[in-house]
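Input: a single structure, listed below in structure tokens.
Since this is a predicted model, take the numbers as computed values, not measurements.
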Number of protein chains: 2
Amino acid sequence: MEAGNETERTADEAQLESARDEFVTQWGAIGSAWGINRTMAQIHALLLITPKALTTDEVMEELKISRGNAHMNLRELVGWGLVRSVVRKGERKEYFEAEKDVWKMFCIIVRERKRREIRPAIGVLKDCIERVEGLKSSEAQLFTQQTRALCEFMEMADGVLSKVARSEQSSVVPWALKFLK
Amino acid sequence: MEAGNETERTADEAQLESARDEFVTQWGAIGSAWGINRTMAQIHALLLITPKALTTDEVMEELKISRGNAHMNLRELVGWGLVRSVVRKGERKEYFEAEKDVWKMFCIIVRERKRREIRPAIGVLKDCIERVEGLKSSEAQLFTQQTRALCEFMEMADGVLSKVARSEQSSVVPWALKFLK
DNA sequence: TTGTGTTTTCAGTATTTACTGAAACAACAG
DNA sequence: CTGTTGTTTCAGTAAATACTGAAAACACAA
């Protein structure tokens with residue numbers, strides 16, 4: 001009963017294969033809703049659920065994408081720090097593997113988004129605030145008030161995220177959770 | 001010295017105007033980095049810094065966009081709850097105004113993104129986990145492990161965000177901030 | 001009912017974004 | 001140096017996304 005014959009093994013593999021495909025596809029869709037290139041999210045998903053490191057060619061093959069596409073998106077993922085490139089001694093090929101620890105992944109994403117998007121946004125807001133300094137019209141008043149509020153909010157968010165991401169361990173947040181109402 | 005003559009007033013207005021434009025443009029860029037349609041973010045920015053409610057025509061005029069574009073994006077913003085439509089008695093025109101409280105804005109965005117993106121993502125993950133239940137291969141093991149970890153993480157995030165967004169007041173987070181390291 | 005002002009829809013088009021594939025390049029082995 | 005294997009670049013193209021403008025639908029008044 002427990003013995004897997006060839007037919008059964010194939011069925012199991014097909015089942016896993018289809019779940020993996022589903023995961024990769026959906027992770028791509030989720031990524032693109034958050035402003036991340038679909039293919040990049042799919043490669044990330046693929047590497048997340050693959051035990052061994054993969055070559056560019058294997059990624060191309062799995063996702064049916066071109067070399068250029070695979071290459072550029074792998075580089076981008078390495079740039080984010082979500083994927084590491086591995087070189088095996090004696091081999092000339094480059095291999096890629098994802099950071100698999102979910103909490104580390106989260107910290108990396110938080111840090112990068114802070115750096116790439118939140119910080120610049122705060123800069124823009126400060127610039128806008130400066131530009132209207134001293135203006136007295138009611139339009140100017142509201143403008144200053146709104147941009148100030150937005151700026152303060154983002155600085156606060158930046159602070160919270162820094163602390164959460166710096167802790168590098170999942171224990172802090174669940175703990176803080178208890179205190180939150 | 002403090003008296004604003006016409007020339008000065010015009011200069012001030014130009015200064016404000018340019019800061020407003022900058023804000024609207026940059027807010028659009030920021031939005032699109034987070035997966036939000038640029039025009040929608042710009043309309044939102046415009047309404048955020050405009051004291052009075054605006055008509056579709058005024059939005060079209062300010063942003064130099066077509067009626068269809070303005071209309072659809074205003075509807076989308078109303079759908080998110082970030083903008084309210086106001087009807088003035090005796091007038092047939094529809095006016096639009098943004099929710100200006102930054103904390104409320106944040107809560108709305110969190111709630112909507114939870115509903116539209118985090119919840120569905122959790123659903124997908126659960127589905128993937130179910131599909132490979134009982135499979136024993138090492139590939140299947142890693143797959144289950146990763147999807148489980150991801151799923152648990154997102155459920156935790158969902159919980160944290162629910163609590164933060166439910167509180168409806170900015171006081172809780174700054175307070176929690178102290179406890180975070 | 002007909003006219004007037006307003007909102008809504010959507011086919012066609014424009015713009016932006018992403019991808020392909022081939023050529024150039026780099027690293028190394030013989 | 002020459003061939004082999006692997007990486008990088010990027011011009012051209014495809015796909016996805018967003019926008020326009022005009023027509024249809026709607027709501028109300030006269």
Hey, which of these two, G68(A) or S66(B), hits DNA chain D nearer its 5' end, going by closest nucleotide?
-> G68(A)

Would you call [X] and [Y] a salt bridge, taking side-chain N to carboxylate O under 4.0 Å as the test?
X: E13(B); Y: R20(B); value: no
X: E139(B); Y: K52(A); value: no
X: E94(A); Y: R75(A); value: yes

Would you kindly compare M72(B) and D57(B) by the position of their nearest DNA chain C nucleotide and give the one closer to the 5′ end?
-> D57(B)

So if I take every side-chain heavy atom of [X] and compare against [options], which nucleotide ends up nearest?
X: R92(A); options: dT20(D), dA26(C), dT6(C); result: dA26(C)
X: H71(A); options: dT9(C), dA18(C), dT8(D); result: dT8(D)
X: E94(A); options: dT7(D), dC19(C), dT7(C); result: dT7(D)
X: R38(B); options: dT20(C), dT17(C), dG21(D); result: dT17(C)

Below 4.0 Å: OP1/OP2 of dG21(C) and any side-chain N or O of N69(A) | no

N or O in side chain of N73(B) less than 4.0 angstrom from dC19(D) OP1/OP2 = yes

Please state how far atom [atom1] in [X] lies from atom [atom2] in [N], giving the value in whole angstrom units.
X: E76(A); N: dT9(D); atom1: CD; atom2: P; result: 13 Å
X: N37(B); N: dT20(D); atom1: CG; atom2: P; result: 11 Å
X: M40(A); N: dC19(C); atom1: CE; atom2: P; result: 11 Å
X: M60(A); N: dG6(D); atom1: CE; atom2: C1'; result: 12 Å
X: I65(A); N: dA18(C); atom1: CD1; atom2: C1'; result: 11 Å
X: R88(B); N: dT6(C); atom1: CZ; atom2: P; result: 13 Å
X: K64(A); N: dG21(C); atom1: NZ; atom2: P; result: 13 Å
X: K93(B); N: dA27(D); atom1: NZ; atom2: P; result: 17 Å

Tell me what R67(A) touches on the nucleic acid: a base, only sugar-phosphate, or nothing, going by heavy atoms under 4.0 Å.
-> base

Do S18(A) and R131(B) get their side chains close enough for a donor-acceptor pair, meaning under 3.5 Å?
-> yes

Mind checking whether W34(B) and W34(A) have parallel, tilted or perpendicular rings, split at 30° and 60°?
-> perpendicular

